[in-house]
Amino acid sequence: MLARTTIVGLIGGATALIHGVAGQLTSIQALNQANLAANPRLELVATWHMLTIQLAWLAYQVWRLGQHPRPIEQARAITGQYLAYSALWLILSLVVAGQLWLAPQWLLLAALAGLTWWATPRTNLIKQGAH
């Protein structure tokens, strides 16, 4: 049976892969066809793929939680990042689009936060002072 961290790391890795590939084929292609100057287009494409790298890094960090000397603290940092990204998407969806489900990425990111916390090894709880 796969460890929880492996399962959640694979889900996060798949998310990063989908973000990079599907985003390139949809959002980035649309940007390349838009009448934007080269500099803003470059910045948007680079930012898109920087987030892809960040999502892949978070997935790797979740996968490695079992080997981390302080997995609870590491999981809090990872969960916090996923929740911050989720909140950004949720707020922008409501403010910019006025809809909750036009861009439901916030839900996937919130789920990754919850799954990360669920997968966190808790064998060192007493050593870390958490109760």
Side-chain angles (χ1 to χ4, degrees):
M1 184 171 130
L2 291 175
R4 289 179 180 185
T5 54
T6 302
I7 293 167
V8 178
L10 288 171
I11 293 168
T15 300
L17 184 64
I18 290 167
H19 184 270
V21 174
Q24 180 67 41
L25 296 175
T26 58
S27 300
I28 301 304
Q29 289 298 343
L31 283 172
N32 285 334
Q33 294 172 1
N35 190 17
L36 289 175
N39 191 45
R41 192 170 58 236
L42 174 63
E43 288 176 7
L44 290 169
V45 171
T47 302
W48 184 275
H49 289 298
M50 285 169 41
L51 182 55
T52 300
I53 292 166
Q54 175 64 22
L55 290 170
W57 179 249
L58 288 173
Y60 174 76
Q61 292 300 313
V62 171
W63 177 62
R64 298 283 299 158
L65 273 176
Q67 289 75 43
H68 198 278
R70 300 183 65 85
I72 299 292
E73 284 79 2
Q74 181 71 357
R76 282 184 185 138
I78 295 166
T79 300
Q81 285 184 293
Y82 279 137
L83 287 176
Y85 294 152
S86 177
L88 175 66
W89 270 106
L90 181 58
I91 290 166
L92 290 175
S93 292
L94 291 173
V95 171
V96 174
Q99 298 182 44
L100 194 59
W101 300 109
L102 181 63
Q105 289 88 331
W106 64 269
L107 189 57
L108 174 61
L109 292 162
L112 282 168
L115 287 170
T116 296
W117 193 248
W118 167 77
T120 302
R122 289 173 169 71
T123 55
N124 297 332
L125 280 177
I126 301 211
K127 288 182 191 176
Q128 295 181 29
H131 302 289

Separation between CZ of Arg122 and CD1 of Ile72, rounded to the nearest 0.5 Å: 5.0 Å
Contacts of Thr52 that satisfy side chain to side chain donor-acceptor pair (under 3.5 Å) - sequence neighbours left out: His19
Co-members of Met50 in a cluster of I, L, V, M, F, W and Y side chains, linked at under 4.5 Å: none
Joint cluster assignment, Leu83 & Leu58, ILVMFWY side-chain distance < 4.5 Å: no
Members besides Leu88 in its Ile/Leu/Val/Met/Phe/Trp/Tyr cluster (side-chain heavy atoms under 4.5 Å): Leu92, Val96
Interatomic distance, Thr6 atom OG1 to Trp63 atom CH2 [nearest 0.5 angstrom]: 7.0 Å
Only distances under 3.5 Å count here; give the side-chain donor-acceptor pairs of residues 99-119 to other protein atoms, sequence neighbours excluded, each with its distance to 0.1 Å.
| unit_1 | atom_1 | unit_2 | atom_2 | d |
| --- | --- | --- | --- | --- |
| Trp106 | NE1 | Leu100 | O | 3.0 |
| Thr116 | OG1 | Leu112 | O | 2.7 |

Least distance between heavy atoms, Pro121 atom then Pro71 atom: O-CG, 3.8 Å
In residues 10-18, what donor-acceptor pairs under 3.5 Å come from side-chain atoms, sequence neighbours left out?
| unit_1 | atom_1 | unit_2 | atom_2 | d |
| --- | --- | --- | --- | --- |
| Thr15 | OG1 | Ile11 | O | 2.9 |

For Gln61, all residues meeting side chain to side chain contact (heavy atoms under 4.5 Å, CB included), sequence neighbours excluded: Trp57, Gln74, Ile78
Show every donor-acceptor pair shorter than 3.5 Å between a side-chain atom in residues 22-35 and any protein atom, with sequence neighbours excluded, or say none if there are none.
| unit_1 | atom_1 | unit_2 | atom_2 | d |
| --- | --- | --- | --- | --- |
| Gln24 | OE1 | His49 | NE2 | 2.8 |
| Thr26 | OG1 | Ala22 | O | 2.8 |
| Asn32 | ND2 | Ile28 | O | 3.4 |

What donor-acceptor contacts under 3.5 angstrom involve side-chain atoms of residues 36-47, with partners at least two apart or in another chain?
| unit_1 | atom_1 | unit_2 | atom_2 | d |
| --- | --- | --- | --- | --- |
| Asn39 | ND2 | Glu43 | OE2 | 3.3 |
| Arg41 | NH1 | Leu36 | O | 3.0 |
| Thr47 | OG1 | Glu43 | O | 2.7 |

